[in-house]
Protein chains: 2
Amino acid sequence: MDTTQLLKGVLDVAVLAVIEQEDGYGYDVVRRLRAAGLDDIAEASVYGTLRRLFHSGLLTSYVVASDAGPHRKYYGLNDVGRAQLADSAATWKQFVKTMNVVLTKESAA
Amino acid sequence: MDTTQLLKGVLDVAVLAVIEQEDGYGYDVVRRLRAAGLDDIAEASVYGTLRRLFHSGLLTSYVVASDAGPHRKYYGLNDVGRAQLADSAATWKQFVKTMNVVLTKESAA
DNA sequence: CACACTACTCTGCTAAACGCAGTAGTGTGC
DNA sequence: GCACACTACTGCGTTTAGCAGAGTAGTGTG
């Protein structure tokens, strides 16, 4: 099965969670997500998500010069972002529970 | 948060699981999924998923006359479907674990 | 015979992840 | 001193899949 479809709607939460830990820029968020186990995540997806979240008003943004490459566009959570994260994480957990009900009923052997 | 996006890729597994329990027809699968907690699932999504899974060769299909309405198109799992279900369920569980890592690292306070 | 419930189909819309290409900045090796 | 690798970001077009909404029937009830 392709995990691409599973990511839908979840990448938002994942990115928010990673940034809450510590402010991050795109390239770095990609690495942190991959390190956490989302191995085959695409760069374009993360950059796209960051832009979407920022334009939705959930993130702050500031640019920092780098000593090893181009400048970095850092993102951080604001209050709206933190609230959204809490909310989405709760929705996710509830969803997982529901799916567990659906899946464990299977062949009640 | 909208659960629509969370369903992506997961509805397949959910439908397969429900059908493995017992053969079912569209209208009935919808009710069983809703009963399990996927309240706001749309009929069109389930019928679409059933057709997709059938055409992918995971389901068998047979028509039964009903005593209370039009005929019913029942679906059942074949071996390919059962294998796919096992596989997808495993992928899902792994994905949930990964997401748990991502989410619980959050604010390691 | 109108209406409700069952049961299914079809068309078109939309969100979001991704592939791919392109643009730069920096540092390393030949 | 130039090719190449790595860092860092942007933009466009494609694809997948869930959903809204409308339509078509069959059955049974007031």
Side-chain angles (χ1 to χ4, degrees), chain A residues 1-16 23-34 38-56 58-59 61-75 88 91-92 95 98-99, chain B residues 1-16 23-34 38-56 58-59 61-75 88 91-92 95 98-99:
Chain A
M1 190 200 228
D2 186 14
T3 49
T4 289
Q5 295 303 321
L6 296 183
L7 268 182
K8 298 261 172 160
V10 180
L11 188 53
D12 282 34
V13 203
V15 166
L16 287 173
D23 286 9
Y25 53 97
Y27 206 75
D28 178 53
V29 170
V30 172
R31 272 189 302 224
R32 289 204 257 157
L33 288 174
R34 288 194 177 142
L38 296 170
D39 319 309
D40 43 6
I41 213 167
E43 284 189 19
S45 308
V46 174
Y47 283 111
T49 300
L50 284 170
R51 256 174 286 162
R52 195 155 36 78
L53 293 175
F54 178 70
H55 285 122
S56 300
L58 308 181
L59 302 180
S61 171
Y62 50 101
V63 171
V64 176
S66 166
D67 49 334
H71 68 279
R72 295 167 173 171
K73 198 182 286 179
Y74 275 81
Y75 291 98
S88 297
T91 302
W92 167 251
F95 183 74
T98 299
M99 277 304 295
Chain B
M1 190 201 230
D2 185 14
T3 48
T4 289
Q5 295 303 322
L6 296 182
L7 268 183
K8 298 261 175 165
V10 179
L11 188 52
D12 282 32
V13 204
V15 167
L16 287 174
D23 286 10
Y25 53 98
Y27 205 75
D28 177 53
V29 170
V30 171
R31 272 189 302 222
R32 289 205 257 159
L33 288 173
R34 287 194 178 142
L38 296 171
D39 319 311
D40 43 6
I41 212 166
E43 286 190 17
S45 308
V46 175
Y47 282 111
T49 301
L50 284 171
R51 252 174 289 158
R52 194 155 38 76
L53 294 175
F54 178 69
H55 285 122
S56 299
L58 308 180
L59 303 181
S61 173
Y62 51 100
V63 172
V64 175
S66 167
D67 50 335
H71 68 277
R72 295 164 173 171
K73 198 183 283 179
Y74 275 81
Y75 291 99
S88 296
T91 303
W92 167 251
F95 183 75
T98 301
M99 276 305 295

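Below, chains carry the letters A, B, ... as their sequence lines are ordered, and counting in each starts from 1.
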Of the candidate nucleotides [options], which contains the atom at the shortest distance from the side chain of [X]?
| X | options | answer |
| --- | --- | --- |
| A:T4 | C:dA17, C:dA7, D:dC9 | C:dA17 |
| A:Y27 | C:dC10, D:dA8, C:dG19 | D:dA8 |
| A:P70 | C:dG25, C:dT6, D:dT10 | C:dG25 |
| B:E43 | C:dG19, C:dC8, D:dC9 | C:dC8 |
| B:R51 | C:dT6, C:dC10, C:dC18 | C:dC10 |
| A:I41 | C:dC18, D:dT7, D:dG11 | C:dC18 |
| A:Q5 | D:dT16, C:dC8, C:dG25 | D:dT16 |
| A:A44 | D:dC9, D:dG11, D:dA8 | D:dG11 |
| A:L7 | C:dC8, C:dG25, C:dA17 | C:dA17 |

Does any part of the side chain of B:V15, heavy atoms only, come nearer than 4.5 Å to the side chain of B:Y75, both counted from C-beta?
no
Does B:D23 reach the side chain of B:Y62, with side-chain heavy atoms less than 4.5 Å apart?
yes
5'-most contact on DNA chain D (nearest-nucleotide basis), B:L11 vs A:H71, goes to A:H71
Looking only at side-chain N and O atoms, does A:D28 offer a donor or acceptor that is under 3.5 Å from a partner on A:Y74?
no
In this structure, how many angstroms lie between the [atom2] atom of [N] and the [atom1] atom of [X], rounded?
| X | N | atom1 | atom2 | answer |
| --- | --- | --- | --- | --- |
| B:Y74 | C:dA7 | OH | P | 8 Å |
| B:K73 | D:dT24 | NZ | P | 18 Å |
| B:L38 | D:dC19 | CG | C1' | 15 Å |
| A:L6 | D:dA17 | CG | P | 11 Å |

Is it the case that the base of C:dA16 and the side chain of A:K8 share a donor-acceptor contact (distance under 3.5 Å, atom types as modelled)?
yes
Hey, is B:D12 close enough to B:R52 for a salt bridge, meaning N to O under 4.0 Å?
yes
Phosphate OP1/OP2 of C:dA17: any A:T49 side-chain N/O under 4.0 Å:
yes
Examine D:dG26: is either OP1 or OP2 under 4.0 Å from a nitrogen or oxygen in the side chain of B:R72? Give yes or no.
no
Scanning both residues in full, the closest heavy-atom pair of B:K73 with B:S61 reads CG-OG, 3.6 Å
With heavy atoms under 4.0 Å as the rule, sort A:S45 into base, sugar-phosphate or nothing.
base
Counting any heavy atom closer than 4.0 Å, what does A:A42 reach on the DNA or RNA strands: base, sugar-phosphate only, or nothing?
sugar-phosphate
When both hydrogen-bonding distances must be under 3.5 Å and the geometry is Watson-Crick or G-U wobble, what is D:dT29 paired with, if anything?
C:dA2
